[in-house]
Amino acid sequence: MFQTTTELRSAFLAYFGNNGHQVVDSSSLVPHNDPTLLFTNAGMNQFKEAFLGLENRGYSRATTSQRCVRAGGKHNDLDNVGYTARHHTFFEMLGNFSFGDYFKEEAISYAWNFLTQTLKLPTEKLCVTIYDTDDEAFEIWNKKIGVAAENIIRIGDNKGAPYASDNFWQMGDTGPCGPCSEIFYDHGEHIWGGRPGTPEEDGDRFIEIWNIVFMQYNRQADGEMKPLPKPSVDTGMGIERIAAIMQGVHSNYEIDIFQALIKKAAEIIGVEDLENKSLRVIADHIRSCSFLIADGVMPSNEGRGYVLRRIIRRAVRHGNKLGATDTFFFKLLPTLIEVMGDAGKSLVEAKAIIEKSLKAEEEQFARTLERGLGILDAALNELDTNVLDGETAFKLYDTYGFPVDLTADVCRERDITVDEAGFEAAMAEQRSRAQAAGNFGTDYNTGLKIEGETEFCGYTELNGEGSVSAIYVGGESVETLAAGQEAVIVLDNTPFYAESGGQVGDKGLLSIGENVFEVADTQIFGQAFGHEGKLTAGTLTVGQKVTAEVDKKLRHRTQLNHSVTHLLHAALRNVLGTHVNQKGSLVNPERLRFDFAHFEAVTAAELKQVEDMVNTQIRRNHQLKTAVMGIDEAKEQGAMALFGEKYDSEVRVVTMGDFSIELCGGTHVGRTGDIGLFKITSEGGIAAGIRRIEAVTGVAAMEYVADQQAQLDKAASLLKSDSASVVAKLKAQLDKVKQLEKEMSQLKDKLAAAASADIAGEAIELNGVKVLVKKLEGVDPKSLRGLQDELKQKLNSAIIVLGIANEGKVNLIAGVSKDLVGKVKAGELVAMVAQQVGGKGGGRPDMAQAGGTQPEKLDDALALVQPWLTERLG
């Protein structure tokens, strides 16, 4: 019997595969071209365009085991993870889908037969729900399947609006939607809870295991429900929930995958209590963190990277609570790879970068904790009550990643409590902001929707003929286009490449006689190619046959840049390691931009090695070979799949000698020698763990090299040298400047010492304490610290405030001798003065610096020092 999670996953996919479904790999956790989602959170996400009729997949039914994350934006289960039986940041959704193929009867039968015949679940343990008015579903369950009427529960409106029900699914406020039917499993009388629809439905006895969505309507912006021309099916069953049932346990954390991770975490940290909820948190979080990094997300302070950072830090914090004294989180990866089996292939490929990222983030968090303790200590020292306000606790949490429970622990040691209500209020505001940011609004009925397909002949031809199958002006379909109008022209056949895979769309002309349409861009609309531009002369009418002519020069330059990205990708993996994966690209006639996963800056030596390797492959003049084959065959041959791209079962493979083989639908040169020359122009980081290289090829590369040589010649001329010896001459000049700067600094120190003798005499005595407040003229701001030190030595015991107004800025320094810091702190003193001149600052109790932007107020600000000190020294 299928018991392990791996066996269940295989059994599910095999069952639907044997019933005519295409077995499709899980898509990335980073949704492909979908601004409505932070992360992939359901099995249907990758099929959204197929359901909308914008994409032809080549099959009408599919099945997947989809990786999902719910830890940010609208769908955020993070705070519940580890404390409930079924909340996770990461889970796998088993699903079967029909795109206008089968509908309710078949979908219900497939689900019931898999559960009761393949998995042998007892029917008396199952009950089902339907949407309140879905009599068709009731008849199928009752008459065809044989489920008793009392075990079919109608669930209706529960939110005060039409169709607003747990059993009525919708993609968004508009677009495809329809009633649902859910299957529930009864875990037994020993667990509290009631059937769905009862007052006790929130209990854990009856658990939903399968949801079948019948997409049969298209909701309009005005709320009207129009029947879909091709009703479809979207189903989902959480693998963790069905595994718990098959393994005879109640909590998901008791299944094989979690038990292996929990035991390993306990072993690494040195914990004996396997029931500790912190171990659950760690076991859950290693799954989401590892798969997110494998799919290209890196820890950062914004967007997806920020969510990942929060998950990592939450896991590390729970490890610390268990007593972890060293980095531990990344050590769970080998166990995760083992328990995930074939579903963890991406983890194996990205193992090095995952381990390095997790370890670095854990080490950085340790430093953050240390920094947070210092900030918390300072805040507590300034308290005049025994309560730390919620805003400060939240700032520590939100800005510095400092856990509120740790804040409470530190406060407790000083008999101080945390304003938990204030903290929760600030947290609630943050959640509202996060949900607003994650609640992407999209009207799926807006935007250009084009029926039909365009045949692309542009791999071999740059000129061709095609019939105008549609014309759109301002999003509306028209029959005729007049001169001067901007439009989107759709052809049944075209040599124009539509923007895809990072390659920009072609430009050129569509013409028939004297009628000329200038194409400024080419885009994909469903299966059709839209030529965007303006009719400059004559008229165009639907049905006319036009000559399509691609701008050859622009296409050629684009092809050079596209082909070289394949060589660059391979070279980076050779030089930096196989963890390097493409994370995005832009290929146009002027240049190429290539984003890739790498955890640190690429050194100059490594960049040169990459550049030399690419140019070597160019000189070898490999013939580019293309072939169309099955996706599995392509992967067996070692073809690289590009990040974020979706591939059909049949793919195009581009090979360059024995150096590069990638899946790619773009256009390319005939031989690598056509590229001529490759030159990297820049390299830098664009996000945590993501680097960017920009480069040029061909004539543009030659022009770049010529410009660099011209700059070098100009520099040599200024140094009265030649190109060959310019570096030595420049080094000599820099050494001379460095020596002069050193001598100047020494002179400034001597001048400051001399000045301090005169200034020290201006100190006054205030309540028995020497106080010196002075506005300085003609003094370099860099000398302030040295001058303050000299004055401290001369005055021995004193409070000093010095200020400089220079070029629209204010520079301040405050010094307090160590015997006086118990009465006055330099940080508080300088902050008070800085506030008067539009600035802020801080530092140690004995020395602090600040700046300001209102030099005209410096005199008044310094005048406040004496009364401020009088109050504190009194």
Side-chain angles (χ1 to χ4, degrees), residues 72 76 78-79 278 281 299-302 305-307 309-321 361-362 364-437 812 814 816 821-852 868 871-872:
N76 187 358
L78 184 59
D79 293 336
S278 288
V281 172
S300 68
N301 287 327
E302 59 185 14
Y306 175 66
V307 175
R309 171 163 284 167
R310 282 191 65 200
I311 302 173
I312 294 172
R313 291 185 171 188
R314 189 170 189 263
V316 172
R317 173 59 188 145
H318 278 273
N320 292 343
K321 287 175 67 176
E361 186 64 23
E362 187 168 357
Q364 182 177 332
F365 186 42
R367 295 189 291 272
T368 296
L369 285 175
E370 185 178 348
R371 201 160 57 240
L373 282 170
I375 295 165
L376 176 58
D377 188 61
L380 294 179
N381 286 337
E382 294 178 3
L383 280 183
D384 53 9
T385 69
N386 64 346
V387 178
L388 179 69
D389 64 282
E391 282 291 338
T392 299
F394 177 73
K395 181 180 179 183
L396 282 164
Y397 168 78
D398 192 49
T399 305
Y400 301 101
F402 203 70
V404 69
D405 56 346
L406 187 55
T407 299
D409 289 343
V410 174
C411 290
R412 197 175 299 114
E413 294 169 3
R414 302 193 188 191
D415 293 324
I416 294 171
T417 59
V418 177
D419 174 15
E420 294 184 6
F423 176 82
E424 288 300 328
M427 277 292 291
E429 287 183 19
Q430 187 215 43
R431 288 193 192 100
S432 296
R433 291 192 298 270
Q435 288 172 357
L812 298 165
V816 179
V821 293
K823 296 180 178 180
V824 175
K825 289 182 172 53
E828 295 176 355
L829 175 54
V830 84
M832 182 279 294
V833 180
Q835 188 175 4
Q836 315 306 315
V837 293
K840 58 183 179 179
R844 304 192 310 267
D846 62 327
M847 194 282 290
Q849 292 179 278
W868 191 87
E871 182 180 338
R872 280 153 183 77

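Rounded to the nearest 0.5 angstrom, Arg309 CZ and Glu361 CD are separated by 4.0 Å. A distance of 11.5 Å separates CZ of Arg317 from CZ of Arg314, quoted to the nearest 0.5 Å. Atoms OG and CG, from Ser278 and Asn320 in turn, are 10.0 Å apart once rounded to the nearest 0.5 Å. Taking NZ from Lys395 and CD1 from Ile375, the interatomic distance works out to 7.5 Å, rounded to the nearest 0.5 Å. In this structure, the separation between CD1 on Ile416 and CG on Leu380 is 4.5 Å, given to the nearest 0.5 Å. Within the model, atoms CG of Asn381 and CZ of Arg414 stand 5.0 Å from one another, a figure rounded to the nearest 0.5 Å.
With Arg310 contributing its side chain and Tyr306 its backbone, the two residues share no donor-acceptor pair below 3.5 Å.
Counting heavy atoms from C-beta on, the side chains of Thr392 and Thr407 never come closer than 4.5 Å.
Annotation for Val833 and Leu812: closest pair CG1-CD1, 3.7 Å, computed over non-hydrogen atoms. The minimum heavy-atom distance between Val418 and Ala408, with the atom names listed, is CG2-CA, 3.9 Å.
Evaluation of the side-chain contact (heavy atoms from CB on, under 4.5 Å) rule for Ala848 yields Ala826, Val830 as partners, not counting sequence neighbours.
Each side-chain hydrogen bond (donor to acceptor under 3.5 Å, both in side chains) pair with one or both residues in residues 832-846, not counting sequence neighbours, appears once here: Lys818-Asp846, Arg844-Asp846. The stretch residues 828-838 participates, sequence neighbours left out, in no salt bridge (charged side-chain N to carboxylate O under 4.0 Å, His left out) pair at all.
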Start with the C-alpha distance between Leu388 and Phe423, add both sets of side-chain angles, then the distance that settles side chain to side chain contact (heavy atoms under 4.5 Å, CB included), and finish with yes or no. CA-CA 10 Å; Leu388 179 69; Phe423 176 82; over 6 Å; no
